[in-house]
Amino acid sequence: MSSWKYISIVAATVMVFNSCVNRQDNGLMHSAVFQNSTHNQAYGAYMAGRVAHLRKDFNTAADFYMEALKADPNNRELLTNVYLILTSQGRVQEAAVYAERAIKLGDQNNFADIIVAANQLKTKQYADVQKTLKQTNGAIYKEFINPLISAWAYVGEGNSKKALEALDVIKKEPSLRALYFIHAGMINDYFDNIKEAQKDYEVIVNEEQLEMSFRALQIICNFYIRTGQKEKAVALINKYTDDKTLADMMKRLKNKISFSTSQNTKKIITSADIGAAEAFFNIAATLRQGTDGIDLAHMFISLALYENKNYDLAHLLLADVLENREMYAEANEHYDLIDKNSEAYYTAQLRKANNLVALNDYASAELLMKSLTLDSNSPQLYLDLGDVLRVNGNQKEAIKYYSEALKNLPKINNNHWVLFYARGISYEQNGQWNLAEKDFLKALDLSQNHYMVLNYLGYSWLKQGKNTEEAFGLIVDAYNQAPQDGNVIDSLGWAFYRLGKYPQAVQYLEKASELEASNAVISDHLGDAYWMNGRKNEARFQWQHALTMKDTSNELDRDAIKAKLQTGEVFNTPLNYNKAEIKEKIDLISTED
């Protein structure tokens, strides 16, 4: 169990997002029911559902599939698609209806039983939950998933003894030890068994080898404050404030604790379904670690939010899953559901801004990030805002925020090379080369010669006709690190061009063009290299192609390209260089792709 060898088995039962939609027709297109001319409307609904499914419009897909099911109500494969998609969209009550129908038709998918059990928990049919869970098979259900759900169903019945007994099987697995004690603690806490709850919680606090999750930290600190032990809450949060990945959430939790009293602090777990939400959240977070875990996480986290729609960390995890699917707008819908008083609010808004960037909505991203700077001086926020401004062509303001990021760093270390690199780009594009060069050299030192810095600095020097041998060497080093990066290959090809070595220039620029077919600057460079090699028709084609594309680098000179097309004149005065030094660097170029 500790190796999670069963995850792929569970994953195979819930893959509605990729595997199902990649099949030719799921066996449904040739169904006699759908081929009957009297059922054209149902067939059309099925095909519309397929299209929506492929487009990741899952709510619409489910609605059309349900319409199609009216013509073929016993189609088990279509039923499976429906109850899984409905669950993923949080429509669990509807999903349970179709899951129950599928089970009656002989569906052996254990997840159908979990959907039904989740709905029974929410609707307080606690005794039925135990019956439903008994229908599942497989070690991961019997030894991990079911015990957590079953325990909270017993809580709903008011039976603390059976609830704790249900968890015993989890306690046997070392990798689930922390999970056992947090749930045992929450159950004892719910029933006001204060001494037992504290004993459970403090196993996690005191045993260093057990992971203290952020949620466990929230729950245990909440317990300490409610029971008049605020000093323990303060000491505990101070122990974990150095966690960089959760820095802002930790900071906000620490601030919340400082103002909390036993009188103004309420229990987190106030009902069985809220406790069940914790169980589904933990299942989702655990299974997400597997290679096939994204579909599993999506399903279980949707069940968690069905049990507790105000669960901020669940919204955060579901948004992360949606981002993994490149469903950025849908992820932002979940970020918007996180309350302003939540410790996760700022983190959610920052991620929302990054999603707006992914959606190319730079104006909204900039506005949101600037509003966040009113309450935070986070270096990461300033870096992200600087990136948005830089990509949008506002270099002067980008420099301002990059500088703010650097100013607010407690100490500069090697990981901060990105800040100097980004600011260097803005300085360079703003015509402040001396400052840009200084930042690039700093970034080069901190990054220990990262290929992106090598490439940008080398290319910039060549554009200016400076430090030719060193610039060529930097680009060669960058290429040897990243021989499949189109921009790096372009730099190497352009470096050969600037040296007057046109056959080699074509060789590398063609490779760059294959990898970055929509890069206008590479097409322009390739056109120039073709021209100097006497391949004039191909050169004109590349220049015309460059003019049709968007350039985000602010480097493309469209007027110069139009002039080349009009006059057929390309000027390149090869740079002076030390032949021995350049030959030595050429010999270092990797011949391996």
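Only heavy atoms go into these numbers, but all of them, side chains included; no hydrogens, no water, no symmetry mates.
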**Q** Can you tell whether the side chains of Lys370 and Glu366 come within less than 4.0 Å, N to carboxylate O?
**A** yes

**Q** To the nearest 0.5 Å, what is the distance between OG1 (Thr265) and CZ (Phe259)?
**A** 13.0 Å

**Q** Please identify which of these residues, Ile114, Leu133, Ile149, meets the side chain to side chain contact (heavy atoms under 4.5 Å, CB included) condition with Tyr141.
**A** Ile114

**Q** In a check of side chain to side chain contact (heavy atoms under 4.5 Å, CB included) between Arg76 and each of Asn81, Asn109, Leu105, which one passes?
**A** Leu105

**Q** Salt bridge or not for Asp248 and Arg252, using N-O below 4.0 Å?
**A** yes

**Q** Nearest 0.5 Å please: distance from the OH atom of Tyr335 over to the OH atom of Tyr328.
**A** 11.0 Å

**Q** Heavy atoms, side chains only, cut-off 4.5 Å: are Tyr190 and Met186 in contact?
**A** no

**Q** Would you call the rings of His334 and His315 parallel, tilted or perpendicular, where under 30° means parallel and over 60° means perpendicular?
**A** tilted

**Q** Using side-chain heavy atoms (C-beta onward) and a distance below 4.5 Å, is Tyr421 in contact with Ser447?
**A** no

**Q** Using a strict 4.0 Å threshold on nitrogen-to-oxygen distance, state whether Arg55 and Glu326 make a salt bridge.
**A** no

**Q** Can you name the one residue among Asn392, Leu356, Leu367 that meets side chain to side chain contact (heavy atoms under 4.5 Å, CB included) with Tyr362?
**A** Asn392

**Q** Could you give the distance from CD (Glu330) to CD (Glu323), rounded to the nearest 0.5 Å?
**A** 11.0 Å

**Q** Given Asp295 and Arg325, is the side-chain contact (heavy atoms from CB on, under 4.5 Å) satisfied, shown in steps?
**A** CA-CA 10 Å; Asp295 284 341; Arg325 300 190 189 287; 2.6 Å; yes

**Q** Can any side-chain N or O of Asp189 pair as donor or acceptor with the backbone N or O of Gly185 at less than 3.5 Å?
**A** no

**Q** Evaluate the criterion side-chain contact (heavy atoms from CB on, under 4.5 Å) for residue pair Asn310 and Asn308; output intermediate values, then yes/no.
**A** CA-CA 5 Å; Asn310 298 318; Asn308 180 8; 3.8 Å; yes

**Q** Test salt bridge (Lys or Arg N to Asp or Glu O under 4.0 Å) on Lys171 and Asp168 and set out the steps.
**A** CA-CA 5 Å; Lys171 191 178 183 180; Asp168 281 345; 5.9 Å; no

**Q** Does Glu207 pair with Arg177 as a salt bridge, N-O distance under 4.0 Å?
**A** yes

**Q** For a side-chain contact (heavy atoms from CB on, under 4.5 Å) check, start with the C-alpha distance between Gln395 and Leu389, then their side-chain angles and the critical distance, and finish with the verdict.
**A** CA-CA 7 Å; Gln395 306 305 335; Leu389 292 162; over 6 Å; no

**Q** To the closest 0.5 Å, what do you measure between OH (Tyr345) and CD1 (Ile338)?
**A** 10.0 Å

**Q** Compare all side-chain heavy atoms of Ile170 with those of Glu143 and state whether any distance is below 4.5 angstrom.
**A** no

**Q** Taking only Lys NZ, Arg NE, NH1 and NH2, and the carboxylate oxygens of Asp or Glu, determine whether Asp320 and Arg288 approach each other closer than 4.0 Å.
**A** yes

**Q** Show your reasoning for whether ring-ring contact (aromatic ring centres under 6.0 Å, His included) applies to Tyr154 and Tyr126.
**A** CA-CA 7 Å; Tyr154 282 126; Tyr126 302 119; over 10 Å; no

**Q** Using a 3.5 Å distance criterion without hydrogens, assess whether the side chain of Glu196 forms a donor-acceptor pair with backbone atoms of Ile194.
**A** no

**Q** For the residue pair Leu148 and His183, establish whether any side-chain heavy-atom pair is separated by less than 4.5 Å.
**A** yes

**Q** Under a 4.5 Å cut-off applied to non-hydrogen side-chain atoms, are Ile412 and His416 in contact?
**A** yes

**Q** Looking at Glu278 and Arg215, is any side-chain nitrogen of the basic one under 4.0 Å from a carboxylate oxygen of the acidic one?
**A** yes

**Q** Should the pair Asp273-Lys122 be classified as a salt bridge under the 4.0 Å nitrogen-to-oxygen rule?
**A** yes

**Q** Applying side chain to side chain donor-acceptor pair (under 3.5 Å), run through Tyr306 and Arg91 and close with a yes or a no.
**A** CA-CA 8 Å; Tyr306 176 61; Arg91 297 164 64 178; over 6 Å; no

**Q** Indicate yes or no for a side-chain donor-acceptor contact from Ser258 to the backbone of Asn255 under 3.5 Å, with no hydrogens or angles considered.
**A** yes

**Q** Closer than 4.0 angstrom, basic N to acidic O: yes or no for Glu404 and Lys407?
**A** yes

**Q** Could you tell me if the side chain of Tyr224 sits less than 4.5 Å from the side chain of Glu202, heavy atoms only?
**A** yes

